[in-house]
Undergrad: 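This is the structure I want to talk about, given as structure tokens.
Quantities reported herein were computed from a predicted structural model and do not represent experimental measurements. The sequence lines fix the lettering, A, B, ..., with proteins before strands; numbering per chain opens at 1. Excluded from the calculations below are hydrogen atoms, water molecules and symmetry mates; all remaining heavy atoms, backbone and side chain alike, are included.
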4 protein chains.
Amino acid sequence: MKTRDRIILAALELFNESGEPNITTNHIAAHLGISPGNLYYHFRNKEEIIHSIFDQYAHDLSIRFQPLEETQITADNLLVYLDAVFMLMWRYRFFYANLPDILRRDPELQEKYLQAQEGLHQNIMAMMNSFRSGGLLELEDADLLSLANTLKLVASSWICYQTTQAPGAKITKAVIYQGVLQMLGIVRPLTTAIGKEQVLQLEAHYCEQVERDV
Amino acid sequence: MKTRDRIILAALELFNESGEPNITTNHIAAHLGISPGNLYYHFRNKEEIIHSIFDQYAHDLSIRFQPLEETQITADNLLVYLDAVFMLMWRYRFFYANLPDILRRDPELQEKYLQAQEGLHQNIMAMMNSFRSGGLLELEDADLLSLANTLKLVASSWICYQTTQAPGAKITKAVIYQGVLQMLGIVRPLTTAIGKEQVLQLEAHYCEQVERDV
Amino acid sequence: MKTRDRIILAALELFNESGEPNITTNHIAAHLGISPGNLYYHFRNKEEIIHSIFDQYAHDLSIRFQPLEETQITADNLLVYLDAVFMLMWRYRFFYANLPDILRRDPELQEKYLQAQEGLHQNIMAMMNSFRSGGLLELEDADLLSLANTLKLVASSWICYQTTQAPGAKITKAVIYQGVLQMLGIVRPLTTAIGKEQVLQLEAHYCEQVERDV
Amino acid sequence: MKTRDRIILAALELFNESGEPNITTNHIAAHLGISPGNLYYHFRNKEEIIHSIFDQYAHDLSIRFQPLEETQITADNLLVYLDAVFMLMWRYRFFYANLPDILRRDPELQEKYLQAQEGLHQNIMAMMNSFRSGGLLELEDADLLSLANTLKLVASSWICYQTTQAPGAKITKAVIYQGVLQMLGIVRPLTTAIGKEQVLQLEAHYCEQVERDV
DNA sequence: TATGAATGAGGATTCATTCAT
DNA sequence: CATGAATGAATCCTCATTCAT
């Protein structure tokens, strides 16, 4: 494994554990047993490390989430999708603990983040549309858009929100699954009879996951 | 005005503007034209300033939000309530931009925050219950709880979320009102015919506010 | 009791407890429940407080130790004298924990200290001379002077020395009495048969004291 | 010469000159023409510098003073030993000017200091025993122990004591030699006829040294 | 590629002291 | 006499970053 990648990995790990502002470049170098000079040979500055982590995040996102065509959208696909979104967010959770501050310092990163958010929005919209046309949801356009926005907000805020809800909260996979359940809980009351069945099935799936992990 | 209060005010202002991690105690002192020594005469350390700001926040919260009795809950009261919650969050918005990090450093603050969150939860539940018993909502217990959780999450995350949704996003009152609208949008699809009317009225009110402020 | 005197007393107490460098003027004021301004009304600066404490010490010393005439010197007088010297040193023990540093900063104090030391020397010499002329000691002039010097050194260093001989050593009266015993132990091997008897008597007296205090 | 060692050396020099409490880490850095950051690259904090100086002292002590076997103890060896002890104390004299305060702050250092003191005690005891068995001294066990204690006290206190005996006293080598003479003066009245001769010889040696240095 | 010593501006904080009231 | 808010230079220390090797 290349040093550059090891740095990214170590930084990600340490940031997730202790928060980005509390991890210095020296911490990262020491953790890897390399010199600070070497770290700066591979990265111009700390910002660039964060940047690279985000790039990896965005890349992971893009390969997993080819914009879905409406016909492909099934309950199964949805499950896979939600699963993957939250897992990704978990993997890069340090990011969400400081998002406003990190983005303020780095306009370029802000731009990239917005693109990712846009992709998330597109996908959520596509799924909701597909649900509606499949007769699982019964909503007007405005309500559908509002629903999509809410889902995006919940997805994007979940980890940060949970971090603040308990002293010394560790974000585990169970917490992630509860996030998916929270989103399903938002969709369920809006579904048709057929839709409800599907959602309940998904919920059952995630309840299992939560219990297995607790 | 007492120096102690001026410090709290200046700190709040600067934190909101530039983010707490980017504002040093010297910045605050210089901004007020006082010496660093004087600042430390009034506060043992930076943490204590943040603490005091939070205490003020909690105090504001508590005097404005005496736990509502269910009979008092009307659409008008709700409007006043939501308005006030978001305004308060706006006033102390720096806090929300770094919540995980701020709380991690200060377990006492974490405790206080959870109490405030618990109060928020109680009030939201009281309102939703009242809505249901007033025939504005039609939901089972589990769904009602889920709804309340979603509303609390949206309320608690709105400012942080919005901060990340645009480059150099300034959180204006209009953004705040959109948060209220978002929450109403979550409630609306779940209301009865009578409930829908009330919600639409509230939405209309806030749409006006948004337009006035933009 | 006058504020000025209360300040001296409080400072002495705190200095003894925690060491002069670790006690700020604010500590002293807070301990007395007075304002720092008030403290500085009575004393130009911290140095002056130390100075005043020393003056009190020198005063105590002078009233207790009128240079002894040789004829007055008996074993009993000696006992009273040694007792008093060490008690005084105990009362002002903070001083001995930092003597070089305190004196370096304050030439006037250095001067006063030397005068006190000179008085100590005179008295020790007087006693030793008297012992010799009384047939208790058998020494040549040079040896007598050397003995007096040693005794002065031991007396002046005892508290500082003991402070360093155990972790977190508290200087108790027992430690003080051991100092007297140490000095008697220096004198004893040099005494005549008659002198030895006297010294052993004194030693017995102090051994009792030590045991009572332990 | 390594920067780390240069820092230790400069600190030692400045501490000796002006007293440890009066020398800041910035002083040391400036004195060496290096940045404060560099100093803190080599030492975690000021305490660690003091610690390192003491370690060097303890090391010097240990290599020079292998516990002496009784047969090796001759007047010549004693001379070398005393010489070295006082020289070492002179080299690290800042330490003795603040011993109580320095040890109070640093329990680990206190522990090391006590070990060094214990070594000193062992060596002094060994020498005195050897003197007695060689017929140079005539003392009972209790008196021998008492003598050893006195010698240890004088040795350990000499520099601190001398520092306080004159305004702005500079501790020169002559002062050191006088310390040795003081100790010899304590031993001399207790010696046998043969012993006295040896001691007088040593005294003569040191009187020469003092005169040469004054 | 990698080292690790070095930088230096800047951080939080302290404390003897002053001064208007 | 007394208050207590205010000063400001100084302290210890951090950390992102550089650079000669």
Side-chain angles (χ1 to χ4, degrees), chain A residues 2-4 6-7 20-30 32-50 105, chain B residues 2-4 6-7 21-30 32-50, chain C residues 2-4 6-7 20-30 32-50 105, chain D residues 2-7 21-30 32-49:
Chain A
K2 295 284 175 71
T3 298
R4 196 190 144 85
R6 290 176 59 227
I7 292 171
E20 178 269 331
N22 307 309
I23 296 297
T24 72
T25 50
N26 280 352
H27 281 138
I28 301 168
L32 287 170
I34 67 172
S35 65
N38 195 5
L39 186 147
Y40 275 85
Y41 174 79
H42 292 284
F43 295 92
R44 243 203 320 275
N45 51 38
K46 194 184 180 188
E47 216 59 40
E48 199 176 290
I49 299 177
I50 297 172
R105 313 197 284 253
Chain B
K2 295 282 174 68
T3 299
R4 198 192 141 85
R6 289 176 59 224
I7 292 171
N22 307 309
I23 296 298
T24 74
T25 51
N26 281 352
H27 282 139
I28 300 169
L32 286 170
I34 68 174
S35 65
N38 194 8
L39 187 147
Y40 277 86
Y41 174 77
H42 292 284
F43 295 91
R44 247 203 312 279
N45 51 41
K46 193 184 178 186
E47 216 60 38
E48 200 177 287
I49 299 177
I50 297 173
Chain C
K2 294 285 175 67
T3 298
R4 197 190 144 84
R6 291 176 58 225
I7 292 171
E20 178 270 330
N22 306 309
I23 296 297
T24 72
T25 50
N26 280 350
H27 280 138
I28 301 168
L32 287 170
I34 68 172
S35 65
N38 194 7
L39 187 147
Y40 275 85
Y41 174 79
H42 292 285
F43 295 92
R44 245 205 319 276
N45 53 38
K46 194 185 180 187
E47 216 58 39
E48 200 176 288
I49 299 176
I50 297 172
R105 311 198 286 252
Chain D
K2 294 283 176 68
T3 298
R4 197 192 142 84
D5 295 325
R6 289 176 59 226
I7 292 171
N22 308 308
I23 296 298
T24 74
T25 50
N26 280 354
H27 284 139
I28 301 169
L32 286 170
I34 68 173
S35 64
N38 194 7
L39 186 147
Y40 278 88
Y41 174 77
H42 291 283
F43 295 91
R44 246 204 312 280
N45 50 40
K46 193 186 176 186
E47 216 59 39
E48 200 176 287
I49 299 177

Undergrad: If you assign each of N22(C) and G33(A) to its closest nucleotide in DNA chain E, which residue comes earlier from the 5' end?
TA: G33(A)
Undergrad: Describe the nucleic acid contact of N38(D) in one word from base, sugar-phosphate, nothing, applying a heavy-atom distance below 4.0 Å.
TA: base
Undergrad: Rounded to whole Å, how long is the line connecting atom CZ of F43(A) with atom P of dC15(F)?
TA: 20 Å
Undergrad: Taking for each residue the nucleotide of DNA chain F with the nearest heavy atom, is it R4(B) or P36(A) whose nucleotide lies nearer the 5' end?
TA: R4(B)
Undergrad: Would I34(A) and I7(A) count as a side chain to side chain contact (heavy atoms under 4.5 Å, CB included) if you check the C-alpha gap in whole Å, the side-chain angles of each, and the deciding distance to 0.1 Å?
TA: CA-CA 9 Å; I34(A) 67 172; I7(A) 292 171; 4.0 Å; yes
Undergrad: Judged by each residue's nearest nucleotide on DNA chain F, which is more toward the 5′ side, R44(D) or N26(A)?
TA: R44(D)
Undergrad: Answer yes or no: is there a side-chain heavy-atom contact under 4.5 Å between F43(B) and T25(B)?
TA: no
Undergrad: Rounded to the nearest angstrom, tell me the gap between atom CG in L32(B) and atom P in dT7(F).
TA: 10 Å
Undergrad: Take the protein atom CD of E48(B) and the nucleotide atom C1' of dT13(E), then report the distance between them rounded to whole Å.
TA: 13 Å
Undergrad: Rounded to the nearest 0.5 Å, what separation is found between the CD1 atom of I49(D) and the CZ atom of R44(D)?
TA: 12.0 Å
Undergrad: For the pair made of CD in E20(A) and C1' in dC15(F), what is the distance, rounded to whole Å?
TA: 13 Å
Undergrad: Are any of Y40(C)'s side-chain N or O atoms less than 4.0 Å away from OP1 or OP2 of dT17(E)?
TA: yes
Undergrad: Can you tell me the distance, in whole Å, between the CD1 atom of I7(A) and the P atom of dA2(E)?
TA: 8 Å
Undergrad: So do T3(B) and L32(B) actually touch side chain to side chain, heavy atoms under 4.5 Å?
TA: no
Undergrad: Please confirm whether the shortest side-chain N or O distance from S35(D) to OP1 or OP2 of dG8(E) is below 4.0 Å.
TA: no
Undergrad: For I49(A) and dA16(F), what is the distance between atoms CD1 and P respectively, to the nearest whole Å?
TA: 9 Å
Undergrad: Could you tell me the separation between the CG atom of L39(A) and the P atom of dC19(F), rounded to a whole number of Å?
TA: 17 Å
Undergrad: Which ranges of DNA chain F pair up as stems, where a stem means three or more consecutive Watson-Crick or G-U pairs with both distances under 3.5 Å?
TA: E:2-21 with F:2-21
Undergrad: Of the nucleotides dG4(F), dA12(E), dG8(E), which one has an atom closest to the side chain of T24(B)?
TA: dA12(E)
Undergrad: Return no unless some side-chain N or O of H42(D) is found under 4.0 Å from OP1 or OP2 of dG4(E).
TA: no
Undergrad: Is the shortest side-chain N/O distance from T3(B) to OP1 or OP2 of dA6(F) below 4.0 Å?
TA: yes
Undergrad: Determine whether E48(B) and H42(B) make a side-chain contact, defined as any pair of heavy atoms from C-beta on separated by less than 4.5 Å.
TA: no
Undergrad: Does I28(B) reach the side chain of T24(B), with side-chain heavy atoms less than 4.5 Å apart?
TA: no
Undergrad: Show the numbers, then the answer: is there a side chain to side chain contact (heavy atoms under 4.5 Å, CB included) between R105(A) and I50(A)?
TA: CA-CA 11 Å; R105(A) 313 197 284 253; I50(A) 297 172; 3.5 Å; yes
Undergrad: Would you mind telling me which residue lines up with the more 5' stretch of DNA chain E, K2(A) or K46(C), judged by nearest nucleotide?
TA: K2(A)
Undergrad: To the nearest Å, how far apart are E47(C) CD and dT17(E) P?
TA: 8 Å
Undergrad: Indicate whether OP1 or OP2 belonging to dC15(E) is found under 4.0 Å from a side-chain N or O atom of T25(C).
TA: no
Undergrad: Check the phosphate of dC15(F) against H27(A), side-chain N and O only, distance under 4.0 Å to OP1 or OP2. Yes or no?
TA: no
Undergrad: State, yes or no, whether a side-chain contact exists between N26(D) and L39(D) at a heavy-atom distance under 4.5 Å.
TA: no
